[in-house]
Number of protein chains: 2
Amino acid sequence: MNTYTELLRIHHLKATPQRLEIAYALDKYGHLSIEALYELLRNKFNSISLATIYKNINIMIENAFIQEVKIPHTKSVYELTKETHAHLVCEQCNQVIDIQLDLNPLSKNISESSHFQIKTANLIFSGLCQVCQK
Amino acid sequence: MNTYTELLRIHHLKATPQRLEIAYALDKYGHLSIEALYELLRNKFNSISLATIYKNINIMIENAFIQEVKIPHTKSVYELTKETHAHLVCEQCNQVIDIQLDLNPLSKNISESSHFQIKTANLIFSGLCQVCQK
DNA sequence: CTCTGTGCAAAGCGTTTGCAAACGA
DNA sequence: TCGTTTGCAAACGCTTTGCACAGAG
């Protein structure tokens, strides 16, 4: 039993070949759109359906195996759930980069001053990656 | 000529009654979904079309008169463009609150350490508002 | 007067659903 | 074997488009 099978199990998901491939692809590429995932999986499964992608993405989100990243001005991408981090999004090549960033102190400050109970923070920086700056 | 007419002019938008009402509604309520906007405008214009809402929202975004706020797990809302700020979103009542927050120092830090040229930052805190905590 | 915006209906497109067959445990 | 998942096709819902008329400047 490989790592992805275990990972799926932990999140109460049966390990089908399609799901294993989704997990593998997200692990390898970090962030993928529905469309990109579909294209990737088509290389493995000649007759895979978009419906299968959607059904799996949805159940994987429900089970906290993956997360949706909503990006300004572009379509969403999906990533394996991992510890909280921020995203850098290149407006030119659409690359998405994770950066470690502890927002807890800031959240705490705001919670205290606004009486709003903060559970999660979502931070996206948009701009140009090193390559696209040239 | 009222304020909203001027505001629209500044963004190179003709001041039609429908647009004036959109501007007024966003100014008054802060953040509105397409659907909410449609319901509000229907009170003023008995035969307004959803297509008109969409066309105006789109051109207003293009002309930087308004901005879309993409919220995790819910539909987008729209707001008048103003200086950079973060959002508090209540997961229970879906209320959206603006908070002033200067992310420039943080952006600068990240830009320098990551060689990524940051243009804009987008920060959303999700949780429970004061009322919904009870 | 001219060009843009509006409302309506139809088209478009991404996403979801229902179902029979295939499959995982 | 039993319950879940897959793939297909159809349905769905949100958004966009084309067009004729109305309205802003």
Side-chain angles (χ1 to χ4, degrees), chain A residues 1-25 32-63 65-66 68-78, chain B residues 1-25 32-63 65-66 68-78:
Chain A
M1 168 158 47
N2 72 45
T3 315
Y4 297 120
T5 302
E6 291 171 41
L7 266 178
L8 287 166
R9 285 262 173 79
I10 292 168
H11 293 273
H12 311 102
L13 295 164
K14 271 195 186 175
T16 66
Q18 291 85 345
R19 288 180 183 169
L20 287 167
E21 194 63 21
I22 291 175
Y24 167 75
L32 293 169
S33 65
I34 294 286
E35 193 191 326
L37 256 179
Y38 182 50
E39 290 309 317
L40 279 173
L41 287 241
R42 289 222 290 179
N43 297 332
K44 270 271 159 90
F45 311 95
N46 47 6
S47 68
I48 194 171
S49 160
L50 249 181
T52 300
I53 305 281
Y54 279 109
K55 284 171 186 167
N56 280 322
I57 288 295
N58 286 336
I59 197 175
M60 284 171 163
I61 290 175
E62 281 165 30
N63 293 22
F65 181 67
I66 66 173
E68 180 177 4
V69 184
K70 288 193 176 186
I71 303 171
H73 313 120
T74 338
K75 57 191 162 197
S76 293
V77 295
Y78 301 85
Chain B
M1 168 158 48
N2 72 45
T3 316
Y4 296 120
T5 303
E6 291 171 41
L7 266 177
L8 288 165
R9 285 265 173 77
I10 291 169
H11 293 273
H12 310 100
L13 294 164
K14 273 194 185 176
T16 67
Q18 291 84 345
R19 288 180 183 170
L20 287 168
E21 193 63 20
I22 290 174
Y24 167 76
L32 292 169
S33 65
I34 293 287
E35 194 192 326
L37 211 36
Y38 182 49
E39 290 309 318
L40 279 173
L41 287 241
R42 288 222 289 179
N43 297 331
K44 269 271 159 90
F45 311 96
N46 47 7
S47 68
I48 194 171
S49 161
L50 248 181
T52 299
I53 305 279
Y54 279 110
K55 284 171 186 167
N56 280 323
I57 288 294
N58 287 336
I59 197 175
M60 285 171 163
I61 290 175
E62 281 165 30
N63 293 22
F65 180 67
I66 66 172
E68 180 179 3
V69 184
K70 289 193 176 185
I71 303 171
H73 313 121
T74 338
K75 56 192 161 195
S76 293
V77 294
Y78 301 85

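Chain letters run A, B, ... following the sequence lines, proteins first and then strands; every chain starts at 1.
- Contact annotation: N56(B) side-chain N/O to dG5(C) OP1/OP2 distance is not under 4.0 Å.
- Remark: T16(A) is not in phosphate contact with dC23(C), judged by side-chain N or O atoms under 4.0 Å from OP1 or OP2.
- Map A15(B) and I34(B) each onto its nearest nucleotide of DNA chain D; the residue landing nearer the 5' end is I34(B).
- Of the listed residues (H11(B), R19(B), K14(B)), just one forms a side-chain contact (heavy atoms from CB on, under 4.5 Å) with I59(B), and that residue is R19(B).
- Rounded to whole Å, the distance from CG on L20(A) to P on dT6(D) is 10 Å.
- With dG7(D), dC8(C), dA24(D) as the candidates, the nucleotide lying closest to the side chain of S47(B) is dC8(C).
- The phosphate of dC23(C) (OP1 or OP2) has no side-chain N or O of Q18(A) nearer than 4.0 angstrom.
- Atom P of nucleotide dT4(C) and atom CG of L8(B) are separated by 17 Å, given to the nearest angstrom.
- Remark: the K55(A) side chain and the dG18(C) base include a donor-acceptor N/O pair separated by less than 3.5 Å.
- One atom, CG of N58(B), and another, C1' of dT16(D), lie 8 Å apart when rounded to the nearest Å.
- There is no side-chain donor-acceptor pair under 3.5 Å between T52(B) and Q18(B).
- Between L8(B) and M60(B), the closest side-chain pair of non-hydrogen atoms falls below 4.5 Å.
- For the pair I59(B) CD1 and dT4(C) C1', the computed distance is 9 Å after rounding to whole Å.
- Taking a cutoff of 4.0 Å between a charged side-chain nitrogen and a carboxylate oxygen, R9(B) and E6(B) do not qualify as a salt bridge.
- Checked against dT6(C), dA9(D), dA24(D), the side chain of A51(A) finds its nearest nucleotide in dA9(D).
- Following rounding to the nearest Å, I57(A) (CD1) and dT17(C) (C1') show an atom-to-atom distance of 18 Å.
- Among I22(B), L32(B), I53(B), the single residue meeting the side-chain contact (heavy atoms from CB on, under 4.5 Å) criterion with L40(B) is L32(B).
- Note: NE2 (H12(A)) to C1' (dT4(D)) measures 16 Å, nearest angstrom.
- Protein atom CZ of R19(B) is 11 Å distant from nucleotide atom P of dA24(D), rounded to whole Å.
- For E35(B) and dC14(D), the CD to P distance is 7 Å, given to the nearest whole Å.
- When the side-chain nitrogen and oxygen atoms of R9(B) are compared with OP1 and OP2 of dG25(D), one or more of them lie within a distance under 4.0 Å.
- Not one side-chain nitrogen or oxygen of S49(A) sits closer than 4.0 Å to the OP1 or OP2 atom of dC8(D).
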